[in-house]
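Nothing fancy with the numbering, it's 1 onward along the sequence.
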Amino acid sequence: MSAEIKTRIATVAAPYRREIWMDDVRFESGMRLLRVTIKEGTRFTQLDLDAATAGRWANIMLDWTKATSEDPSA
């Protein structure tokens with residue numbers, strides 16, 4: 001198994017006592033991924049994203065936050 005170097009970027013408290021961790025993960029091969037871990041009680045969901053996927057996801061979330069902040073019913 002290849003070694004990885006993990007650096008915590010952020011921890012976010014989410015609704016319903018969930019927690020989101022974002023880590024910069026670097027592998028011996030030189031590959032670098034954003035690891036998103038969502039903790040829900042005792043359950044963990046982990047996603048490893050490349051830069052292109054993380055950027056696309058970030059843009060979608062940003063667009064959503066803009067739309068909801070402009071919508072008075074949100």
Side-chain angles (χ1 to χ4, degrees):
M1 178 161 281
S2 66
E4 59 185 49
I5 299 171
K6 187 168 65 169
T7 304
R8 179 68 36 96
I9 297 171
T11 300
V12 178
Y16 306 107
R17 297 173 51 184
R18 292 183 178 109
E19 194 169 62
I20 303 166
W21 304 326
M22 287 171 261
D23 298 302
D24 178 16
V25 182
R26 296 173 189 232
F27 296 87
E28 284 181 1
S29 66
M31 181 174 58
R32 187 173 177 185
L33 298 172
L34 173 66
R35 179 167 294 161
V36 179
T37 305
I38 302 169
K39 181 179 181 284
E40 301 175 274
T42 59
R43 182 175 132 184
F44 291 83
T45 302
Q46 180 177 299
L47 300 168
D48 284 344
L49 306 171
D50 63 353
T53 305
R56 185 164 182 254
W57 189 13
N59 287 331
I60 292 166
M61 289 191 293
L62 184 57
D63 290 346
W64 181 83
T65 60
K66 289 177 183 176
T68 58
S69 66
E70 293 168 2
D71 180 0
S73 66

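Although no hydrogens or angles enter the test, the distance criterion places no donor-acceptor pair under 3.5 Å between the side chain of Lys66 and the main chain of Thr68.
One hydrophobic cluster holds both Ile38 and Val12 under the rule that ILVMFWY side chains link at heavy-atom gaps under 4.5 Å. Using a 4.5 Å cut-off between side-chain heavy atoms of Ile, Leu, Val, Met, Phe, Trp and Tyr, with links allowed through other members, Ile60 and Val36 fall into different hydrophobic clusters.
Residue Leu34 comes nearest to Ala54 through the heavy atom pair CD2-CB, 3.9 Å, listed as atom of the first residue, atom of the second, then distance.
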**OP:** Just do the side chain to side chain contact (heavy atoms under 4.5 Å, CB included) check on Thr65 and Leu62 with the steps written out, would you?
**Re:** CA-CA 5 Å; Thr65 60; Leu62 184 57; 3.8 Å; yes
**OP:** Could you check Leu47 against Trp57 for side chain to side chain contact (heavy atoms under 4.5 Å, CB included), going step by step and ending with a plain yes or no?
**Re:** CA-CA 12 Å; Leu47 300 168; Trp57 189 13; 4.0 Å; yes
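Considering Asp24, Asp48, Asp23 as possible partners of Arg35, the one that fulfils the side-chain hydrogen bond (donor to acceptor under 3.5 Å, both in side chains) test is Asp48.
A 6.0 Å sphere centred on CZ of Arg8 holds more than 12 heavy atoms belonging to other residues, nucleotides or ligands.
Between the CH2 atom in Trp21 and the CD1 atom in Ile9 there is a gap of 14.5 Å [rounded to 0.5 Å]. In this structure, the separation between CD on Glu19 and CD on Glu40 is 12.0 Å, given to the nearest 0.5 Å. Annotation: the span from Met22 atom CE to Thr37 atom OG1 amounts to 10.0 Å, rounded to 0.5 Å.
Looking at Thr11 and Ile20, their side chains never come closer than 4.5 Å, going by heavy atoms from C-beta outward.
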